[in-house]
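Notes for the one structure printed next.
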Amino acid sequence: MKYNFNEIEAKWQKYWAENQTFKAENNSDKPKYYVLDMFPYPSGAGLHVGHPLGYIASDIYARYKRHKGFNVLHPQGYDSFGLPAEQYAIQTGQHPAITTEDNIKTYRRQLDQIGFSFDWSREVRTSDPKYYKWTQWVFIQLFNSWYNNDSDKAEAISELISIFEKEGNVTVDAACDDTVEAFTAENWNGFTPEEQQEILLKYRLTYLAETEVNWCPALGTVLANDEIVNGVSERGGHPVVRKKMTQWSMRISAYAERLLQGLETIDWTDSLKESQRNWIGKSVGASVTFNVIPTERHTERSRSASDEESNDEMLNQVQHDKENCHSALDAESTCHKIEVFTTRPDTIFGASFMTLAPEHELVSQITTPEQKAEVDAYVEATAKRSERDRMADVKTISGVFTGAYAEHPFTKEPIQIWIGDYVLASYGTGAVMAVPCGDQRDYDFAKHFGIDIPNIFEGVDISEEAFADKDNTIIANSDFINGMNYKKATKRVIYELEQLGQGEGKTNYRLRDAVFSRQRYWGEPFPVYYKNGMPQMIDVEHLPLELPEVEKYLPTETGEPPLGNATKWAWCTKTNTVVSNDLVTLSAVEGSQDNGVYPLELNTMPGWAGSSQYFNRYMDPQNDEAIFSQEAINYWQQVDLYIGGSEHATGHLLYSRFWQKFMFDLGLVGHDEFAKKLINQGMILGTSAFVYRVEGENKFLSKGLIDGQNVQPIHADVSFVNSSDELDIEAFKNWRPEFKDAEFVLEDGVYKVGRDVEKMSKSKYNVVNPDNICAQYGADSLRLYEMFLGPLEQYKPWNTAGITGVHSFLKKLWKLYFDDNGLKVTDVAPTKDNLKTLHKTIKKVEEDIENFSFNTSVSTFMIATNELTAQKCTSKEILEPLLVLVSPYAPHIAEELWSALGHTESISTADFPIFEASHLVESSKEYPISFNGKMRFKLELPLDMSKEEIEKTVMAHERTQAQLQGREPKKVIVVPGKIVNIVG
RNA sequence: GCUGAAGUGGUGGAAUUGGUAGACACGUUGGACUUAAAAUCCAAUGGCCAUUAUGGCCGUGCGGGUUCAAGUCCCGCCUUCAGUACCA
């Protein structure tokens, strides 16, 4: 009987589907195990061989865990909202739902043909209203919550309201907007409902705010930071500009510290954790407030300073200024304060100037009339430069003196205030105290503009560059912290600043709140309507709020998002239904009665909304009453193994952790991390093929002939090339008309192509479709080969030529069970060698799977098959358990042979064979005998031989004597069971 | 610049606590079968030198070091890939 893989694979895929073999129950006597893949966006291009890599790995693990007696949850679904379907709709008018449905069909067919053990009964699609109902629900929960820094968790907004009613907001320590002002209970109770709502919005975990966003004009939408690569949009490569817009935001910054600390508790790769740490960007230091010296006072003083009058007088003057600040109310003498953040408060006595970002709000207010023209010009020039320009041009030092001075908090000396574009408005407070001796950028700036560089480090030379090594420093020239190290000095400075009321210890995070609005059609609608301009949530019981139909998927002519095209997109609060826009209350304009109909939100949610809780929804995907039942979450708890690409490091994987922590705070999930272990699969690259066209001619030179020739490499489709890099010239000629009459210069009778490893992409003609591989070699070969290519996490090139290796392995495996006369497996007792091969294989494969070293177990299978073939093994006692070992990797052939051995149940229910060490016990060892560390020959010796005897036997051996040539060895090292080394 | 990962034959890669470097494949070469091809099977295959079978030298990015013994450990470099970037 022949190994007919196409027939076998179709048969078992059908069997698994019909018998729901991989359906997981939400309770079981077995221990649970949850294996998750990052669900795909169903793109129109379908899958290429790179896509299933992670799915194959997770499938092997899931199948292995089933053999090991676990109740395994291994679901799959689609992240089906997204831009490509919308772009297609814009071009063709086809509804994105239809495009998406078609694409999903293709994906499903392609996934099915690879033989995954997914529980498809739990499929979710983010664009399905039954699913996004719960995305909207989470949004409402976030809206109804605030972050209490005292309890360090999210709490109900209703509790916050009752605190405000009783105590105002002064006792509340919340993660909230900076612009919140203090109010008392009386104040609160006196506010209008609109005023109250406006204040509450500054506390909610999702809030509306005017934010500076990344606006992509070409796409007509806002992009998140992680959707921008090198200053242009990730999709399409369009330019991105900064723009102020009112947008929904997520207060992820409230969770910065917990997101950072949580990394310690999860088994994710170091590089991924490091990416998240950098993204969160925690810096510990102090905030320091510098008082700006009012202009007229300063002018007076600079005159007196130049006259070298006494310090006392200056101090008096400053004292006077200070008092003035407290009492002065007239605009002229308003005392400005500049708050800075520093990680090095210990260097404060080295601060010889300050720098503000050009966009800093104080710039226009403190600039002196003499400097105004120059400052304005600089501010304008900076604003014109794009972020990209500024990034590319790091080396140029630029800045302008504002003419204003700030007062050093301790020395009370005036220090110059400059503006410079090396200070970023978006980080910290947009202002720095510049310490040129301790920071290279400040140093360069000071050198460039001839500003003082006082040295506050003991015994350190700063004539060439700044000294930033804080651990090996003793502070000098710094008043009360002289002689202290970094740690002590920092503590003391913070203490003194607090005494002055001019600073405190502070921790700063780089992590920004996440903009949550997108100006797109194909995303989740917000469950939000606007009453008097204030956002209101639709009651949960009326969800989902489904996407409206629109005629056009582009932004409206007035610049509103695509949902602005919908004519039926208003919310009637009486019927709790979506109604026509015509019915919207016009009270504000015409004084008419409020009829309870209000406009709905026009933005939709971003791509990551739907993927931030999907892993929990899989636990109970059909539940209509709750996002998931408590029974389901208590049973499955969290993802045990998550496999996916590292490109989601700071997007999906951070947002999901944030939502999970929020769900934890609400008491809905038992773990505040959703995935215990995470593995990033590496990318599979393409092996591109090149032909070489002679410049200016329609003539191609074979690879070996191009040296010194003026040729242009052109991508040829990889399907035209065989395993020996020879081009199918006819196929190539027929590929495109311009090659029809091309001339080919051959070497050794063939045309050889050049090869190079590149990312798989259509434009490089190196994309390999799994459909073709499955048809030609079978899914089991595809699965084995993907694993055999190399370590899971590594980037590695695909070369279809190599698949014949694993394919012929499967044929050899088949031949262990079948020959021309049919099944040849017998009940004959296994030999010692048979058992040794089997148990060696069990041990290795089990270890490999536990270590996710799938490539090496494929080798192990090959070795086992080669050995058993050589041993002419037909023993069922060996060949039956062997199938269970192979089954996670090549499930179809395993099922087929398993049933041929007489089993009626799927092999997936079989127990994993148990390793017995007794079969591997050896009585002798072939010792490598080395001289000065170099192996020269081998010697078979009994393993129970003593060290002394081994030495004696080896030394007596003729080849040892031949090696030594009469020399006396200095030393003989004998490691029993391992090696003998003779030194001399 | 910083952070992380990695550099091993013609290629993908293996070597689990320092102990026989190159497992397993691809490719290549030679052979068997065949009219031929495919498929299958057998043999060789890190480089250099020598050759009568026995052998010798070099070899895991580079330079040092530790050790009886280093791909593996330590120090200093180089290169590649990825992330991040004037983060105060």
Side-chain angles (χ1 to χ4, degrees), chain A residues 229 269-279 281-283 285 340-344 347 354-355 357 390-391 393-397 420-424 426-435 438-442 444-445 508-510 646-647 649-650 680 682-683 687 723-725 755 757 784-785 788-791 793-806 808-809 811-812 815 844 847-848 851 853 855-863 866 926-938 959 962 969-975 977-984:
Chain A
V229 178
T269 62
D270 287 337
S271 71
L272 203 145
K273 288 188 190 182
E274 199 56 30
S275 290
Q276 293 211 347
R277 279 191 202 106
N278 289 338
W279 197 259
K282 180 181 184 176
S283 333
V340 302
F341 174 75
T342 176
T343 54
R344 297 291 304 274
T347 65
M354 297 187 76
T355 315
R390 269 171 83 168
M391 249 155 60
D393 183 23
V394 179
K395 291 266 144 60
T396 316
I397 296 163
D421 67 1
Y422 79 97
V423 178
L424 305 176
S426 56
Y427 183 77
T429 60
V432 299
M433 66 174 208
V435 182
D439 182 286
Q440 195 57 44
R441 290 155 308 166
D442 295 343
D444 295 340
F445 195 87
N508 207 40
Y509 298 91
R510 196 184 85 107
S646 57
E647 67 272 21
T650 52
N680 294 127
M683 198 186 293
T687 310
S723 57
S724 307
D725 292 349
R755 309 224 75 159
V757 173
L784 283 170
Y785 190 50
F788 188 62
L789 282 178
E793 294 102 302
Q794 203 167 296
Y795 277 52
K796 48 211 174 267
W798 175 275
N799 192 346
T800 305
I803 201 172
T804 54
V806 294
S808 59
F809 152 70
K811 286 195 272 195
K812 279 185 218 163
K815 283 186 188 162
K844 176 78 172 135
E847 283 168 0
D848 282 347
N851 293 321
S853 176
N855 55 325
T856 49
S857 26
V858 180
S859 307
T860 304
F861 292 140
M862 291 173 171
I863 295 168
N866 291 343
E926 196 176 34
Y927 278 93
I929 311 298
S930 48
F931 293 80
N932 297 320
K934 282 178 190 129
M935 202 276 289
R936 292 303 174 198
F937 66 95
K938 290 174 193 171
R959 297 201 48 189
K970 285 189 197 131
K971 211 174 181 182
V972 178
I973 311 276
V974 177
V975 185
K978 283 231 162 125
I979 200 168
V980 177
N981 191 18
I982 298 160
V983 187

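In what follows, every chain begins at residue 1, and chains take the letters A, B, ... in the order their sequences are listed. Predicted model, so just to flag it, every value in this text is computed and none were measured.
A:Val975 comes within contact range of at least one nucleobase, with a heavy-atom separation under 4.0 Å. Within 4.0 Å of A:Phe861, counting heavy atoms only, lies no atom of the nucleic acid at all. Nucleic acid contact for A:Lys938: base, since at least one base atom lies under 4.0 Å from a heavy atom of the residue. At the heavy-atom level, A:Asp442 lies nowhere under 4.0 Å from the strands shown. Among the atoms of the strands shown, base atoms are found under 4.0 Å from some heavy atom of A:Ser859. Using a 4.0 Å heavy-atom distance criterion, A:Asp270 is classed as making no nucleic acid contact.
Going from atom CD of A:Gln794 over to atom P of B:U8 covers 10 Å, rounded to whole Å. The distance between atom CD1 of A:Ile803 and atom C1' of B:C24, rounded to the nearest whole Å, is 16 Å. For the pair A:Glu274 CD and B:G4 P, the computed distance is 6 Å after rounding to whole Å. Rounded to whole Å, atom P of B:U28 lies 12 Å from atom CZ of A:Arg755. Taking atom CD1 of residue A:Ile973 and atom P of nucleotide B:U20, one finds them 15 Å apart after rounding to whole Å. One can place CG of A:Asn278 at 17 Å from P of B:G1, the figure rounded to the nearest angstrom. Remark: P of B:A53 and CZ of A:Phe937 are 21 Å apart, rounded to the nearest angstrom. One interatomic measurement links the two molecules: CD1 of A:Ile929 to P of B:G19, which rounds to 17 Å at whole-angstrom precision.
Between A:Glu847 and A:Lys844, no side-chain nitrogen of the basic residue sits less than 4.0 Å from a carboxylate oxygen of the acidic one, so the salt-bridge criterion is not met.
The A:Met862 side chain lies nearest to B:C24 when the options are B:G56, B:G13, B:C24. Candidate nucleotides B:A21, B:U40, B:U16 were compared by shortest atom distance to the side chain of A:Met935, and B:A21 ranks first.
For RNA chain B, the stems formed by at least three consecutive Watson-Crick or G-U pairs, with both atom-pair distances below 3.5 Å, span B:1-7 with B:78-84, B:10-12 with B:24-26, B:27-32 with B:40-45, B:46-49 with B:55-58, B:61-65 with B:73-77.
The shortest distance between the side-chain N/O atoms of A:Ser283 and the OP1/OP2 oxygens of B:A88 is below 4.0 Å.
A donor-acceptor contact under 3.5 Å is formed by the side chain of A:Glu847 with the base of B:U16.
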